[in-house]
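Below is one structure, written out as structure tokens; comments come after it.
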Amino acid sequence: MARETLIDSHGRRIAYLRLSVTDRCDLRCRYCRLADDKSYAKRADWLSFAEIRRLVGLFAAMGVGRVRLTGGEPLLRAGIVDLVGELAAAPGVSDLSLSTNATQLARYAARLKAAGLSRVNVSLDSLKRECVSELCGRDSLDATLAGLMAAKAAGLAPIKLNMVALQGVNDGEIESMAAFCFEHCFILRLIEAMPMGEAGRAAAYLPLDEARARLIRRFALQPCAVELGGGPARYWQTADGRGQVGFITPISQHFCASCNRVRLTVDGTLYLCLGQEHKLELRQLLRGGASDDELAAAIRLAVERKPLSHDFDAPGLNRVRFMSKTGG
Ligand code: SAM
């Protein structure tokens with residue numbers, strides 16, 4: 001198949017696929033999913049590795065070379081190392097990464113690296129045991145720290161640490177998290193909570209402008225001259241360039257005009273926007289015998305309908321999907 005590019009009707013080039021390999025998770029982060037939520041995709045509807053490989057191959061042939069495995073918690077999907085190996089070797093996949101809470105990473109890091117994974121993003125919102133337990137529903141701090149150190153030892157790089165900043169919960173820890181990341185050469189990324197599902201709407205949203213000003217003062221940060229990563233984060237760095245902090249502000253300063261991604265759920269639904277319902281059901285097409293050309297045509301048509309922006313701030317509008325279902 002000839003290599004093409006995927007461009008939506010607003011002129012944005014789609015180059016990045018977030019691929020959820022499971023909607024299950026061993027944590028219950030309060031802003032992500034409700035504690036008692038059990039509305040999982042049916043096992044029979046999970047895309048098989050062969051189906052995932054086929055879709056990733058089609059996306060890659062259309063110029064979508066960056067793929068991030070996510071979930072739910074992707075390390076809970078049985079055979080994840082084999083899948084990483086297959087996708088890392090797929091023609092056209094130029095950058096394969098993984099988002100994880102790292103509770104299982106200590107036992108997987110070296111094997112993931114050997115299988116061809118380039119880098120990881122680790123979610124950690126606090127370095128305080130009580131805060132982690134309260135926020136994630138489990139005392140997972142030691143496991144996550146062990147996972148982070150194993151990733152570093154395995155040579156996965158860069159390691160980005162994602163911290164959702166929450167008013168009155170962990171906002172007092174932003175400087176200490178930055179110091180921790182600088183010490184270990186992790187790139188800190190601060191994220192504003194999005195009102196996704198009931199869990200996200202209940203989150204104590206904190207706009208990042210004040211935290212950014214505090215960090216700039218405390219660490220004498222300067223804007224990064226070069227763009228880091230292919231995503232929405234705006235990066236700042238220490239004077240020696242060794243410490244970096246990215247700010248992801250989907251609410252206070254949204255970046256929809258440069259959005260370059262789409263998301264595929266574990267049951268094969270392609271979402272065009274985190275904050276809108278536009279979607280394409282690829283599983284039915286795959287299992288109904290669609291040819292590669294038919295699948296590619298359906299994907300192109302769906303991408304053309306990618307909305308210009310989310311509408312999280314529209315009054316009275318409630319997005320029901322949890323982040324854990326869409327794949328963060
Ligand atoms: N389990 C993996 C992890 O912990 O990174 C991958 C899935 S998780 C849904 C991906 C990212 O989404 C995490 O960094 C998490 O903090 C973030 N996230 C979840 N719900 C969110 C929300 N309502 N607003 C902003 N970020 C959210």
Side-chain angles (χ1 to χ4, degrees), residues 16 18-35 37 40 67-77 80 97-105 108 112 117 119-126 131-132 135-138 140-141 143-145 147-148 151 156 159-167 169-170 177 181 186-208 229 231-233 246-252 254-255 261 263-266 271 273-275 310 312-313 318-328:
Y16 190 172
R18 289 276 175 102
L19 176 61
S20 174
V21 294
T22 179
D23 56 357
R24 304 194 172 232
C25 190
D26 53 338
L27 301 183
R28 284 289 176 279
C29 300
R30 274 189 346 220
Y31 50 77
C32 186
R33 149 183 262 160
L34 295 177
D37 175 46
Y40 300 115
V67 179
R68 171 173 294 278
L69 302 178
T70 183
E73 173 45 47
L75 297 183
L76 296 185
R77 177 85 187 245
I80 187 72
S97 59
L98 177 113
S99 284
T100 176
N101 61 34
T103 58
Q104 319 279 319
L105 192 55
Y108 277 119
L112 289 168
L117 188 73
R119 54 202 181 83
V120 283
N121 284 10
V122 170
S123 301
L124 181 64
D125 299 323
S126 169
C131 185
V132 170
L135 202 51
C136 305
R138 209 187 103 191
S140 51
L141 180 62
T144 295
L145 291 176
L148 267 168
L156 288 163
I159 296 172
K160 294 181 182 166
L161 192 150
N162 287 344
M163 174 182 192
V164 177
L166 297 164
Q167 183 106 48
V169 178
N170 61 359
M177 189 64 98
C181 288
F186 304 144
I187 299 175
L188 175 62
R189 302 192 331 152
L190 292 168
I191 304 174
E192 288 177 349
M194 287 176 276
M196 295 198 61
E198 220 177 310
R201 280 196 296 283
Y205 164 69
L206 176 77
L208 286 178
F247 298 88
I248 303 181
T249 55
I251 307 299
S252 68
H254 77 70
F255 34 77
R261 63 201 56 195
R263 292 176 158 85
L264 184 64
T265 64
V266 64
Y271 282 104
C273 172
L274 255 188
H310 68 64
F312 285 138
D313 38 12
N318 290 337
R319 289 281 160 241
V320 290
R321 254 157 49 224
F322 294 120
M323 185 70 123
S324 55
K325 282 196 198 318
T326 316

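Throughout, numbering of the chain's residues begins at 1 and tracks the sequence. Note that ligands are numbered from 1 as they come in the structure, with each ligand's atoms numbered from 1 the same way. Side chains are part of it too, since the values below use all heavy atoms of this structure and drop only hydrogens, waters and symmetry mates.
Each of the atoms 6 (C), 7 (C) of ligand 1 lies under 4.0 Å from some heavy atom of T70. Less than 4.0 angstrom separates some heavy atom of A193 from each of these atoms of ligand 1: 24 (N), 25 (C). Which parts of ligand 1 touch C32 is read off a 4.0 Å heavy-atom cut-off, strictly below it: atoms 9 (C), 19 (C), 20 (N). The distance from ligand 1 to the heavy atoms of S123 drops below 4.0 Å at these ligand atoms: 3 (C), 4 (O), 5 (O), 13 (C), 14 (O).
Within the 4.0 Å heavy-atom cutoff, G72 counts among the residues contacting ligand 1. Using 4.0 Å as the threshold, E192 has a heavy atom nearer than that to some atom of ligand 1.
In this structure, the side-chain contact (heavy atoms from CB on, under 4.5 Å) partners of P250, at least two apart in sequence or on a different chain, are E192, M194, I248, F255.
Considering backbone and side-chain atoms alike, M194 places an N or O below 3.5 Å from some N or O of ligand 1. At least one N/O-N/O distance between Y31 and ligand 1 falls below 3.5 Å.
Nearest heavy-atom pair, D26 versus R138, reported as atom, atom and distance to 0.1 Å: OD2-NH1, 3.4 Å.
N170 is listed as a side-chain neighbour of M163, based on a closest heavy-atom distance under 4.5 Å.
Counting heavy atoms closer than 4.0 Å to ligand 1, residue N101 contributes atoms from both its backbone and its side chain. At a heavy-atom cutoff of 4.0 Å, ligand 1 is contacted by the backbone of T100 but not by its side chain.
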